[in-house]
2 protein chains.
Amino acid sequence: MKRTSLKDIANAVNLSKTTISLILNGKAKENNISDETVNRVLAVSRKMNYSPNSLARSLSMGRSKTIGLIVPYITDSFFARVAQVIERQCSSKGYTLIYCSSEESAEKERSQINALLARQIDGLIIASSCRNGEDIALLKNNNFPLVLIDRYYPAIETSHVTVEDEPGAFRLVSYLIDRGHRRIAMVSVSSELLPIDNRQKGYRRALESAGIEYDERMIFEADNADHEGSVRRSIDAMLSMSEPPDAIFFANHLLAAVGFKVLKSREIAIPSRMAICCFGDSSYLELLEPSITAIPMPFEAIGNEALRILLDQIESPETSCYEQIVLPVTEIIRQST
Amino acid sequence: MKRTSLKDIANAVNLSKTTISLILNGKAKENNISDETVNRVLAVSRKMNYSPNSLARSLSMGRSKTIGLIVPYITDSFFARVAQVIERQCSSKGYTLIYCSSEESAEKERSQINALLARQIDGLIIASSCRNGEDIALLKNNNFPLVLIDRYYPAIETSHVTVEDEPGAFRLVSYLIDRGHRRIAMVSVSSELLPIDNRQKGYRRALESAGIEYDERMIFEADNADHEGSVRRSIDAMLSMSEPPDAIFFANHLLAAVGFKVLKSREIAIPSRMAICCFGDSSYLELLEPSITAIPMPFEAIGNEALRILLDQIESPETSCYEQIVLPVTEIIRQST
DNA sequence: CTGAAAGCGCTTACAG
DNA sequence: CTGAAAGCGCTTACAG
């Protein structure tokens, strides 16, 4: 597809590329280019349907007005919504967003970081796999504009936007305890994900501060590659315990949905025989019967803050400094607890 | 962030950029470059952590190994899954995917098409707003590699991948009729979206072939900007009819979820007082109580076929021709009907 | 076996 | 008021 270039316009109006470029970039005034010339060029460029080749422009300017976003799964409604928020903000600020899914793989994450850097992106927002400290450190050491969301590396000082994972989990589990539950299981995912770890800490602290002994057999780790199967096995394992749990805290909304399904299929009454709740939320959790107690993620704030910090780093590198934002969360009590 | 360039390597090893470029692109053999030189360059380029500037490369080669995908909403699980499928396929074929959400706006779609073209993408997959025939025709006339998914323009011959909207709706509504329903309402979205229109046609044909008179007051159009409110109003309107419908066919899964919620809140028993079903599916529709009869979208096949056709156009422009794929769909009968 | 040179489509000091 | 020229980082005929 032949696109018209600056040179084409220059030839058409018998001026130099320089002049055309200046005019099209709104620098006519400061270069004293006559109104007549400006209008003529504008008209012709419109007629020729000109739009600049942004590769050439970025290459020449050394910045692309593009930012990258890497999330684990775009199919996870939480990340999709964060992406939506960031995409909208970006376009209102004249930036383009390129996003991709790392599928929770450190290698994919690495190759995506490299692919994005190769495209000369101006900054990067990552919900990292938590197993890629090397690249994160490299970016940081090069002062590359970077904001981590949802997950960060405690050992590496960066800007990041997260939520109150530990306190949120603490409150939710404490609530279960207040409701009389004593045997509370937790289903999380098998990985070193920081937020999951913090949610587990909150769970543990809630038990401790209620004087309930922590029992590691009550912690189940699902397999990201097989939520369905692994959650089913976890729940079956719980049910076959001599003293089965009477409540389950799921580490995220996807696990909770699967858990709900399994419990239903096993005909376990919720909440009478098993109360359930989870970190994170999704529109359908309130539609289920019983509706599920959950802690919604402030995806709007996460996206907005992350982009604000990133653009600050990009546009005012000298004054900007690392910002760590921890957003508050509030549980929504529904029927499942 | 200073990246190392070909020139940096050339200087480091005292060879020309040409030689480095040839080696790094695996063209050493055909240019008789000595193994020793090759190894030396490879080692140095690794040590210097070189990765080519893909903007420069694309600019020079005139192709970017990048394809664009425009969907209405990445937060719609259907499109997120299609995007996931395409992203995976792309990366396995050495392409990068850039996707963005048009939010069902023709203007956004247009500006995204232009932004993507400006990035010299090699091809484009679009689930179009159906109100942007102008740009689609322009792309087509320039022989730009293009595949439409989910929606297409009947007046413009292009490659596209869609599903059996009309037959699917026909079968589903016929099923409702078989179950004894006579007053069947349809809730669709207020737009000129082709698949929605086809689903409506299927609905209508089912009624006709069962000898049920079509009543346009049974068609409700929800507002994309306010699903919640408009579906609520539609359902309230139905309920206040002298002879309310006894079944509702929702044009997509998002509408069905909202409809389910409203019916519950109005304490309308499903399916005894009101049967419901929808086109499209989502993991949670089977978790609801009653679970919802639906027609799953073959997102895997949509993504795979679309990309296959597109790559064919890109890589063999001379032999490729327009392909129109209509994928079959099968309803899953659940408890809501 | 290797390099100089032109070109991809832009921007931007610099000169007149 | 406007243009020639260099440069961004690559690739690729062409020459030796």
Side-chain angles (χ1 to χ4, degrees), chain A residues 1-41 44-45 48-66 114-115 117-122, chain B residues 1-41 44-45 48-66 114-115 117-122:
Chain A
M1 182 169 184
K2 177 70 183 89
R3 294 167 54 82
T4 94
S5 71
L6 273 191
K7 208 207 298 186
D8 297 333
I9 302 182
N11 290 340
V13 297
N14 249 308
L15 288 170
S16 72
K17 291 192 304 176
T18 306
T19 308
I20 312 297
S21 172
L22 256 20
I23 291 174
L24 262 25
N25 288 311
K27 299 183 181 168
K29 282 279 158 300
E30 45 200 284
N31 286 276
N32 299 319
I33 300 179
S34 71
D35 282 1
E36 192 251 311
T37 309
V38 170
N39 291 331
R40 194 157 52 104
V41 168
V44 171
S45 92
M48 295 177 78
N49 200 13
Y50 175 76
S51 105
N53 179 323
S54 54
L55 298 191
R57 165 178 265 231
S58 300
L59 183 60
S60 163
M61 305 224 295
R63 97 193 137 51
S64 59
K65 277 274 192 177
T66 302
N114 287 330
L117 289 181
R119 281 168 188 277
Q120 311 298 105
I121 52 165
D122 296 335
Chain B
M1 183 168 182
K2 176 71 182 90
R3 294 166 55 79
T4 94
S5 72
L6 274 192
K7 207 205 301 183
D8 296 332
I9 302 182
N11 290 339
V13 298
N14 249 310
L15 288 170
S16 73
K17 290 191 306 175
T18 305
T19 307
I20 312 297
S21 172
L22 256 21
I23 292 175
L24 262 24
N25 287 313
K27 299 183 181 166
K29 282 278 156 303
E30 44 199 288
N31 287 277
N32 300 318
I33 300 179
S34 70
D35 281 0
E36 191 251 313
T37 309
V38 170
N39 290 331
R40 193 157 51 101
V41 168
V44 170
S45 92
M48 295 177 77
N49 199 12
Y50 176 74
S51 106
N53 179 323
S54 55
L55 297 190
R57 164 179 265 230
S58 299
L59 183 60
S60 164
M61 306 226 292
R63 103 195 132 48
S64 60
K65 278 274 193 177
T66 301
N114 288 330
L117 289 179
R119 281 168 188 277
Q120 310 298 105
I121 52 166
D122 296 336

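Lettering of chains follows the sequences in order, A, B, ..., and the numbering in each one begins at 1. Being a predicted model, the structure only gives us computed values, none of them experimental.
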| request: Work out which heavy atom in B:Lys65 is nearest to a heavy atom in B:Asp122; give both atom names and the distance. | output: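 Scanning both residues, the minimum pair turns out to be N-OD2, 2.6 Å.
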
Donor-acceptor pair between [X] and [Y] side chains, under 3.5 angstrom:
X	Y	result
B:Arg119	A:Ser58	no
A:Asn14	A:Arg40	no
A:Thr18	A:Ser21	no

| Ion pair present between A:Lys29 and A:Asp35, side-chain N to carboxylate O less than 4.0 angstrom? | yes

| message | Considering every strand and a 4.0 Å limit on heavy-atom distances, what is the contact class for A:Thr37: base, sugar-phosphate, or nothing? | response | sugar-phosphate

| message | Counting primed atoms plus P, OP1 and OP2 as sugar-phosphate and everything else as base, spell out the protein contacts along nucleotides 6-16 of chain D at 4.0 Å heavy-atom distance: B, S or - for each nucleotide, 5' to 3'. | response | -BBBBBBB---

| field | With sequence neighbours excluded, residues passing side-chain hydrogen bond (donor to acceptor under 3.5 Å, both in side chains) with A:Ser45 | value |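 With sequence neighbours excluded, A:Ser45 shows a side-chain hydrogen bond (donor to acceptor under 3.5 Å, both in side chains) to no residue whatsoever.
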
| In dot-bracket, 5' to 3', how would DNA chain D read with Watson-Crick or G-U wobble pairs under 3.5 Å, [ ] for crossing ones and | for pairs to another strand? | |||.||||||||.|||

| said: So, OP1 or OP2 of C:dG3: does either fall under 4.0 Å of a side-chain N or O from B:Thr19? | reply: yes

| request: Identify which one of B:Ile23, B:Ile20, B:Val13 satisfies the side chain to side chain contact (heavy atoms under 4.5 Å, CB included) criterion when paired with B:Thr37. | output: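 Only one of B:Ile23, B:Ile20, B:Val13 forms a side chain to side chain contact (heavy atoms under 4.5 Å, CB included) with B:Thr37, namely B:Ile23.
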
| Test side chain to side chain contact (heavy atoms under 4.5 Å, CB included) applied to A:Thr19 and A:Asn31, A:Ile33, A:Leu24, the passing residue | A:Ile33

| said: From CG of A:Asn14 over to C1' of D:dG3, roughly how many Å is that when rounded to an integer? | reply: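 Atom CG in A:Asn14 sits about 13 Å away from atom C1' in D:dG3.
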
| said: What's the gap between C:dT12 and D:dC1 when it is taken at their P atoms, as a whole Å value? | reply: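 Going atom to atom, P in each nucleotide, I get 22 Å.
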
